[in-house]
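Letters A, B, ... mirror the listed sequences (proteins, then strands); counts begin at 1.
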2 protein chains.
Amino acid sequence: MRKKITLKQIARELDVSVSTVSKALSGSKEISEDTTQKIQAFAKLYNYRPNNIALSLKNRKTKTIGILIPEIVHHFFSTVIRGIELIANRRGYNVIVGLSNESFSKEIINMEMLANGSIDGFILSISKETLLKQDYHHFNATINQGIPIVMFDRVVNEVNCDKVIVDDFNGSVKAVKKLIENNCKNIALITTMDYVSVGRLRTQGYIEALEEHKIFADSNLILKIDDSLDVENHLEVLENEIERFFKTNNTIDGVFAVNELYAVTAMKVARKLGLSIPEDIQVIGFTDGVLSKHATPSLTTVSQHGQKMGEQAANLLIDRLEAIDSESDQYIVNDNPKHDFIKIVIETELIERESTK
Amino acid sequence: MRKKITLKQIARELDVSVSTVSKALSGSKEISEDTTQKIQAFAKLYNYRPNNIALSLKNRKTKTIGILIPEIVHHFFSTVIRGIELIANRRGYNVIVGLSNESFSKEIINMEMLANGSIDGFILSISKETLLKQDYHHFNATINQGIPIVMFDRVVNEVNCDKVIVDDFNGSVKAVKKLIENNCKNIALITTMDYVSVGRLRTQGYIEALEEHKIFADSNLILKIDDSLDVENHLEVLENEIERFFKTNNTIDGVFAVNELYAVTAMKVARKLGLSIPEDIQVIGFTDGVLSKHATPSLTTVSQHGQKMGEQAANLLIDRLEAIDSESDQYIVNDNPKHDFIKIVIETELIERESTK
DNA sequence: TTTCAACACGAAAACGTTTTCGCTAAGAAT
DNA sequence: ATTCTTAGCGAAAACGTTTTCGTGTTGAAA
């Protein structure tokens with residue numbers, strides 16, 4: 001068991017000082033060529049690598065990004081992670097992942113666990129419970145400690161930080177317009193309760209598109225699913241709700257759903273009711289995941305470009321971290337609260353598949 | 001901007017020494033009640049939290065686990081992460097994630113990046129390229145450095161470490177037996193090339209089940225997909241292969257596929273060919289993910305219990321880490337290479353849905 | 001010969017902890 | 001009055017780095 005070798009050990013073996021070893025390894029010309037050669041050879045032989053923790057302590061930065069998301073078994077969130085990881089790695093950062101599991105307290109615990117020196121900054125998406133409670137003190141607290149945050153997807157105006165969001169509103173508009181152009185006359189919306197911001201925006205987009213085309217937004221055509229119940233494990237509930245909805249509104253010939261699951265379930269129910277897709281009823285979902293792609297018929301969706309969101313978020317955070325870095329050398333700035341925060345909006349894309357004409 | 005406060009600052013403010021502060025905060029009875037009170041109150045007021053990095057350096061352990069997986073946008077792997085994170089958090093550990101992206105070199109780079117003090121141990125699943133190359137020196141190297149590894153799912157005999165696997169062989173046997181019991185006479189297998197161990201084991205299970213029932217394992221009924229090509233983005237290729245396969249073997253009345261995607265694609269093709277499921281042809285897949293659950297008809301699958309695998313792996317790793325910890329106090333052991341490594345086998349479960357009778 | 005720069009290296013501080021060991025003063029024991 | 005405990009605290013080392021600031025030696029310039 002060859003434990004990792006340290007500067008001190010190299011120094012002792014070669015009978016020089018630690019400082020000499022450090023300098024030799026970094027190629028400082030303060031050290032003679034002879035000694036440098038000798039030290040570098042020895043270091044290579046023993047596969048010396050500087051201890052990251054020691055470096056972190058010395059430099060007071062960890063080169064690690066903390067990701068805090070509600071859920072990881074979720075296509076969208078995992079694509080975002082992939083994007084973050086890609087950029088982080090490329091720019092020399094590691095990625096540490098915490099899951100809030102949609103819980104307020106776990107979100108706080110996780111933040112505090114990581115905010116004690118383990119990470120340089122956060123990239124996060126707010127948990128449902130936090131959004132419900134509207135309690136954002138922990139975010140502001142960590143920002144005040146000098147730890148920057150970048151929020152993505154589920155963001156909130158109450159916190160002053162960089163943000164990366166998808167254009168939920170226009171994405172919905174696009175989708176619903178598509179249905180209108182495809183000659184749908186009675187377009188239904190299947191959505192969630194309003195407290196998660198993205199749900200609200202998507203609903204507004206739906207209404208906007210209809211109004212632009214002078215179509216009356218009939219509230220009977222809007223189905224709000226209570227997603228506080230665990231839909232994933234009680235599919236029947238969802239199916240029954242949708243079935244009842246379809247039966248009481250049997251003129252529906254177009255459906256826009258705010259997520260994949262609602263959309264494919266709608267297709268399933270429609271088929272069960274003897275409707276064929278897209279002939280009798282056309283369906284579009286939000287969030288382009290594996291379900292949309294592999295459903296039969298495959299589902300037309302509004303793609304959120306999760307990976308791109310992750311990449312942008314990572315770049316934003318790292319840019320800011322490195323800006324702070326160089327700032328600390330300078331004169332004022334430190335107490336300037338007027339860093340202007342950036343909000344990046346990712347354009348959605350309508351991916352047309354078999355569920356629309 | 002209130003930066004985090006340190007022991008030193010508290011000491012200076014309260015005009016005591018750093019050691020006194022440290023002891024007072026840990027409740028040492030070396031310090032008088034008065035001073036303890038005063039210090040604790042002050043610390044609380046300023047929300048003192050010990051710096052993790054400093055602790056890591058001092059204790060020579062980070063309380064972080066490195067996860068190294070081929071891909072994160074993947075239902076199985078994300079469930080495993082969820083399991084790891086659950087246990088890790090519960091036992092006071094953090095989780096840092098690296099993605100190999102199925103590449104040998106990225107696997108190595110990521111390992112080295114983390115092995116320099118950032119983590120206490122690894123939980124990993126081997127990349128395809130590494131399995132192809134059969135080059136495992138980096139695993140053995142990090143183990144030799146004293147960093148324990150737990151491998152899951154894609155494991156390999158050449159590396160001596162704890163392992164958590166699913167019983168691929170028996171899982172397949174179970175599935176195929178089910179098809180036999182359901183009266184399938186010509187059961188096809190859709191699998192991958194052999195080099196990924198799990199694929200091979202699943203194929204063997206298929207053959208075993210047939211032989212047990214004295215059924216000739218007709219090699220024409222085995223379709224091997226070359227998954228070096230990016231199937232996810234070239235679905236047509238997959239569909240065409242399967243279609244050709246079905247057409248040349250039109251007696252097939254049962255299909256066992258080694259993953260979800262192959263299974264649902266098989267269903268799609270079958271339906272296209274006018275076969276109804278499960279009446280004309282029954283289908284079972286391996287890996288219970290979101291596709292299986294939400295496909296129409298929903299897919300009978302062999303569940304791998306990814307989350308449980310993650311939990312077991314995390315417990316295994318942390319147990320070993322803490323065992324090492326207490327060992328270091330003791331006399332011998334250190335150079336004992338005969339730590340017996342544990343291999344946990346998770347039982348699969350056949351989840352019956354609509355794609356079988 | 002004296003002075004000075006350049007060269008090659010070492011000592012020490014710093015990052016934030018914890019812990020061991022000493023030290024001082026006060027009260028108890030002799 | 002002297003010695004011994006003990007309570008209460010501080011100094012310093014250690015974890016592994018990097019970096020600043022010496023310092024001694026050498027050869028050249030004066």
Side-chain angles (χ1 to χ4, degrees), chain A residues 3-40 42-43 46-64 115-120 145-146 325 328-329, chain B residues 3-40 42-43 46-64 115-120 145-146 325 328-329:
Chain A
K3 274 262 175 196
K4 298 236 70 154
I5 199 172
T6 71
L7 287 189
K8 195 191 283 192
Q9 296 171 40
I10 299 185
R12 196 182 312 136
E13 291 297 318
L14 264 46
D15 208 45
V16 290
S17 79
V18 174
S19 3
T20 305
V21 178
S22 175
K23 288 170 189 166
L25 289 179
S26 66
S28 159
K29 34 186 265 177
E30 239 183 288
I31 308 297
S32 75
E33 249 188 67
D34 271 14
T35 354
T36 303
Q37 284 278 333
K38 198 175 51 175
I39 293 178
Q40 286 187 349
F42 191 90
Y46 282 87
N47 192 32
Y48 170 79
R49 294 277 179 275
N51 179 307
N52 251 327
I53 296 294
L55 284 179
S56 294
L57 183 59
K58 178 132 223 340
N59 302 331
R60 280 128 117 239
K61 59 187 151 187
T62 61
K63 292 267 182 178
T64 327
N116 298 320
S118 302
I119 53 116
D120 295 340
Q145 276 175 34
D325 246 36
S328 58
D329 299 335
Chain B
K3 275 262 176 195
K4 299 238 71 158
I5 198 172
T6 70
L7 286 189
K8 194 191 285 194
Q9 295 171 41
I10 300 185
R12 196 182 312 135
E13 291 298 317
L14 263 46
D15 209 45
V16 290
S17 78
V18 174
S19 3
T20 305
V21 178
S22 174
K23 288 170 188 165
L25 290 179
S26 65
S28 157
K29 33 186 268 183
E30 240 183 286
I31 308 297
S32 76
E33 249 187 68
D34 270 16
T35 353
T36 301
Q37 286 278 333
K38 199 176 50 174
I39 293 178
Q40 287 188 348
F42 191 89
Y46 283 87
N47 192 31
Y48 169 79
R49 294 276 180 275
N51 181 306
N52 251 328
I53 296 293
L55 284 179
S56 295
L57 184 58
K58 178 134 224 340
N59 302 329
R60 279 124 122 243
K61 60 186 153 190
T62 60
K63 292 261 179 185
T64 353
N116 298 320
S118 302
I119 53 117
D120 295 339
Q145 274 174 36
D325 247 34
S328 58
D329 299 336

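With hydrogens and angles disregarded, no donor-acceptor distance shorter than 3.5 Å links the side chain of B/Ser22 to the backbone of B/Val18. Using modelled atom types, one side-chain atom of A/Asp120 and one backbone atom of A/Lys63 make a donor-acceptor pair closer than 3.5 Å. Side chain of B/Asn59 to backbone of B/Lys61: no donor-acceptor contact under 3.5 angstrom is found.
Nucleic acid contact class of A/Thr35 (heavy atoms, under 4.0 Å, all strands): sugar-phosphate only. If you check every strand for non-hydrogen atoms under 4.0 Å, A/Thr6 touches sugar and phosphate atoms only. As judged by a 4.0 angstrom heavy-atom cut-off over every strand, A/Lys23 is placed among the base-contacting residues.
Looking at which nucleotide of DNA chain D each of A/Leu7 and B/Val16 is closest to, the 5′-most match is held by B/Val16. Both B/Thr36 and A/Gln9 lie close to DNA chain D; mapped to their nearest nucleotides by heavy-atom distance, the more 5′-ward contact belongs to B/Thr36.
Considering CD of A/Gln40 and CD1 of A/Ile31, their distance stands at 11.0 Å, rounded to 0.5 Å.
Inspection of the A/Ser17 and A/Thr20 side chains reveals an N or O donor paired with an N or O acceptor under 3.5 Å. When only modelled atom types and interatomic distance are considered, A/Ser28 and A/Ser26 share no side-chain donor-acceptor pair under 3.5 Å.
For NZ of B/Lys4, the number of neighbouring non-hydrogen atoms (other residues, nucleotides, ligands) closer than 6.0 Å is greater than 12.
Donor-acceptor pairing under 3.5 Å, judged by distance alone, is present between the side chain of A/Ser19 and the base of C/dA11.
Reading DNA chain D from its 5' end, the first and the last nucleotide to sit under 4.0 Å from a heavy atom of chain B are D/dG8 to D/dG16.
Against DNA chain D, the stretch residues 49-60 of chain B makes heavy-atom approaches under 4.0 Å through B/Leu57, B/Lys58, B/Arg60.
Between B/Ile39 and B/Leu25 there is a side-chain heavy-atom pair separated by less than 4.5 Å.
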